[in-house]
Amino acid sequence: MHDKEINMFTQALKFAQDEFYLDAVTEFQTLINDFPDSELADDSQYNIGLCYFTMNNFQKAIESFELVITKYPEGTISILDGGNEFGKTAAKCHYAIVNCYLAIGDMDQAITHANLLETFDDSYVQNGDSKIYFSELAKNSIEKFNSIN
C-alpha cells in the first residue's frame, strides 16, 4: 500500500467525521479511481455507502454497498485504523443494506440480506472477549425494528 492511498483514505475519513459527506465521497471515489487494485478500494466504496446512509440517501447507499459485494467479493475489512471489525467487507455491506431497507420500511429485503449473512462465518465485530457476527447484528436490528413498529 502506498502512502498516497493511506493519506487519501485518512483524509476522506476526516471529511466524513467532520460531516463533509460529499467531500468524503469525492475523496473515496478518487482513491478508487486512482488505485483500483488498492486494499483500500473496497473499504472506500463501503464508506461511500456509509456517507450516503448518513445523508438518508438509502437508495444510493444500497447501490454503493452492492457494488462492494459484486466488485470486491473477497475484499477484507481494513484494520488500518485499529478497528474492531474483521472479515469480509461484503458482510459489513450486507449488514448495512439490512439497515438501509429497515430505514425505508422494506422488511422483505432486509430479511433477504440478513439471511445472506449466514454464509459469512468469518466476519464479525470484536466486543471485548466476544465476537458478534454480522448475521447476529442484522437479526438484532430486525428484532429491534419490529419491536418499535
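Values in this document were obtained by computation on a predicted structure and should not be read as measured data.
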Checklist entry - Looking at CD of Glu27 and CD1 of Ile48, how far apart are the two atoms once the value is rounded to the nearest 0.5 Å? => result 10.5 Å
Checklist outcome for this item: Taken to the nearest 0.5 Å, the spacing of Glu19 CD from Cys51 SG works out to 11.0 Å
Checklist entry - Within 45° of the six-membered ring axis of Tyr124 and under 6.0 Å from that ring's centre, is NZ or CZ of Lys131 located there? => result yes
Checklist entry - Mind checking whether Tyr46 and Phe65 have ring centres under 6.0 Å apart? => result yes
Donor-acceptor contacts, no H, no angles, side chain residues 110-118, under 3.5 Å, sequence neighbours left out:
from: Thr112; atom 1: OG1; to: Asp108; atom 2: O; distance (Å): 3.0
from: His113; atom 1: ND1; to: His94; atom 2: ND1; distance (Å): 2.9
from: Asn115; atom 1: ND2; to: Ile111; atom 2: O; distance (Å): 3.4
from: Glu118; atom 1: OE2; to: Lys139; atom 2: NZ; distance (Å): 2.9

Checklist outcome for this item: Of all heavy-atom pairs linking Ala90 and Val68, the shortest is N-CG1, 4.5 Å
Item to check | Contact check, side chains of Ser38 and Phe9, non-hydrogen atoms, under 4.5 Å | outcome: no
Item to check | Heavy-atom donor-acceptor pair, Asn127 side chain to Ser130 backbone, under 3.5 Å | outcome: no
Item to check | Spacing of Tyr52 atom OH and Glu63 atom CD [to the nearest 0.5 Å] | outcome: 9.0 Å
Checklist entry - Roughly how far, to the nearest 0.5 Å, is the OG atom of Ser64 from the CD atom of Gln59? => result 10.0 Å
Item to check | Euclidean distance, Lys4 NZ relative to Ile6 CD1, rounded to 0.5 Å | outcome: 13.5 Å
Item to check | Sequence-distant partners of Phe15, ring-ring contact (aromatic ring centres under 6.0 Å, His included), two or more places apart | outcome: none
Checklist outcome for this item: Smallest heavy-atom separation, Phe145 atom then Gly105 atom, equals CZ-CA, 4.4 Å
Checklist entry - Can you tell me how far the OG atom of Ser147 sits from the CD1 atom of Ile142, to the nearest 0.5 Å? => result 12.0 Å
Next on the checklist: Ignoring hydrogens, what is the shortest heavy-atom contact between Ala24 and Ala16? Give both atom names and the distance.
Outcome noted: CB-N, 3.7 Å
Checklist entry - How close do Phe35 and Ala41 get, heavy atom to heavy atom, and via which atoms? => result O-CB, 4.1 Å
Checklist outcome for this item: Test side chain to side chain contact (heavy atoms under 4.5 Å, CB included), reference Phe28, set Leu13, Leu40, Asp23, output is Leu13
Item to check | Check against ring pair (Phe, Tyr, Trp, His ring centres under 6.0 Å), Tyr101 and Phe58 | outcome: CA-CA 8 Å; Tyr101 280 122; Phe58 302 113; 9.9 Å; no
Checklist entry - Linking I/L/V/M/F/W/Y whenever any side-chain heavy atoms sit under 4.5 Å apart, do Phe53 and Ile97 land together? => result yes
Checklist entry - For atom CD1 of Ile104, is the number of surrounding heavy atoms from other residues, nucleotides or ligands below 6.0 Å larger than 12? => result yes
Checklist entry - Hey, is the main chain of Leu102 close enough, under 3.5 Å, to the side chain of Asp106 for a donor-acceptor pair? => result no
Next on the checklist: Taking side chain to side chain contact (heavy atoms under 4.5 Å, CB included) as the criterion, tell me which of Ile77, Leu67, Ile32, Thr89 meets it with Asp42.
Outcome noted: Thr89
Checklist entry - Knowing that exactly one of Thr26, Leu31, Asn33 qualifies, which makes a side chain to side chain contact (heavy atoms under 4.5 Å, CB included) with Gln29? => result Asn33
Checklist entry - After noting the C-alpha distance and the side-chain angles of Met107 and Asn146, does the key distance pass the side chain to side chain contact (heavy atoms under 4.5 Å, CB included) rule? => result CA-CA 9 Å; Met107 181 60 71; Asn146 282 332; 3.1 Å; yes
Checklist entry - Of the non-hydrogen atoms in Asp43 and Ser78, which two are nearest, and what is the gap between them? => result OD1-N, 3.0 Å
Item to check | Check: Val98 and Gln109 side chains under 4.5 Å, non-hydrogen atoms | outcome: no
Checklist entry - Is a side-chain donor or acceptor of Ser123 paired with a backbone partner of Lys88 at a separation under 3.5 angstrom? => result yes
